[in-house]
Amino acid sequence: MSTYQHIIVGLDLSEESKQILEKAHFLATAANAKLSIAHIIEPLVFTYGGDIPMDISSVQEQIETQATTDLAKIGQEFGVAPENQYIVIGQPANELQTIAAEHNGDLIVVGSHGRHGLSLLMGSTSNSVLHGTHCDVLAVRVTS
């Protein structure tokens, strides 16, 4: 059995992100693997369905700037080089799969909140990443 060579961690930049990154960092260190982190920003037009009667591009840019700053901060804390930090606009599961494919990722690590009821039926990012990726996926159970 071979070890992982490139671990990609999808982060939502919430307080729980450090729990996920701690486990991924441990795995990367143990396997002597490259560690990358990614944050996917869903376009505001996805959220509001394009029914906003104003230009929201400046708001989207502010969100991207803040996310870049926050990802850099957590990346520095865990020793992730800037060239291994990705901010992408799109659908989280699809973009994580694309990053893994384009950068030879062999493990994607995401957080899981243990959904129940209707939210379980609606799906989650971790479930969506699992179904449709070419590599292993690790869902880290996060606690509030």
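Sequential numbering from 1 along the given sequence is applied to the chain's residues.
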Do you know the tightest heavy-atom contact between Leu96 and Ala38?
-> CD2-CB, 3.9 Å
Look at atom CD of Glu15 and say whether more than 12 heavy atoms of other residues, nucleotides or ligands are closer to it than 6.0 Å.
-> no
Contacts of Tyr86 that satisfy ring pair (Phe, Tyr, Trp, His ring centres under 6.0 Å) - sequence neighbours left out = His103
Are any side-chain N or O atoms of His25 and backbone N or O atoms of Ile20, one a donor and one an acceptor, separated by less than 3.5 Å?
-> no
Quick one: does Val9's side chain get under 4.5 Å of Leu35's, heavy atoms only?
-> yes
Partner of Ile37 under side chain to side chain contact (heavy atoms under 4.5 Å, CB included), chosen from Ile74, Val109, Ile7, Ile87 = Ile74
Quick one: NZ on Lys73 to CG on Leu13, what's the gap to the nearest 0.5 Å?
-> 11.0 Å
Value for CG (Leu27) from CG (Leu138), rounded to nearest 0.5 Å, stands at 6.5 Å
Nearest heavy atoms of Thr143 and Gln19, plus distance in Å = O-NE2, 2.7 Å
Would you find a donor on one side and an acceptor on the other, under 3.5 Å apart, between the side chain of Gln85 and the backbone of Val80?
-> yes
Could you pull out the closest heavy-atom pair between Gln60 and Glu42, with the gap in Å?
-> NE2-O, 3.9 Å
Measure the spacing between CD1 of Ile41 and OG1 of Thr68 and express it to the nearest 0.5 Å.
-> 6.0 Å
With sequence neighbours excluded, residues passing salt bridge (charged side-chain N to carboxylate O under 4.0 Å, His left out) with Glu77 = Lys18
Is any side-chain heavy atom of Glu64 less than 4.5 Å from a side-chain heavy atom of Ile89?
-> yes
CD1 of Ile8 to OG1 of Thr98, rounded to nearest 0.5 Å, is 10.5 Å
Can you list the steps and then say if Ser17 with Asp12 is a side-chain hydrogen bond (donor to acceptor under 3.5 Å, both in side chains)?
-> CA-CA 7 Å; Ser17 291; Asp12 64 3; 3.2 Å; yes
Stepwise side-chain contact (heavy atoms from CB on, under 4.5 Å) check, Ile40 with Gln91 = CA-CA 7 Å; Ile40 315 304; Gln91 196 281 329; over 6 Å; no
Just how far is it from atom CD1 of Ile108 to atom NE2 of His6, taken to the nearest 0.5 Å?
-> 10.0 Å
Audit row: Phe78, Glu22, side-chain contact (heavy atoms from CB on, under 4.5 Å) steps and yes/no | CA-CA 8 Å; Phe78 284 88; Glu22 283 172 355; 3.7 Å; yes
Is Gln97 reaching over with its side chain to a backbone N or O of Val129, donor-acceptor style, under 3.5 angstrom?
-> yes
Going through the checks in order, is the side-chain contact (heavy atoms from CB on, under 4.5 Å) test met by Val88 and Ile99?
-> CA-CA 9 Å; Val88 181; Ile99 291 168; 3.8 Å; yes
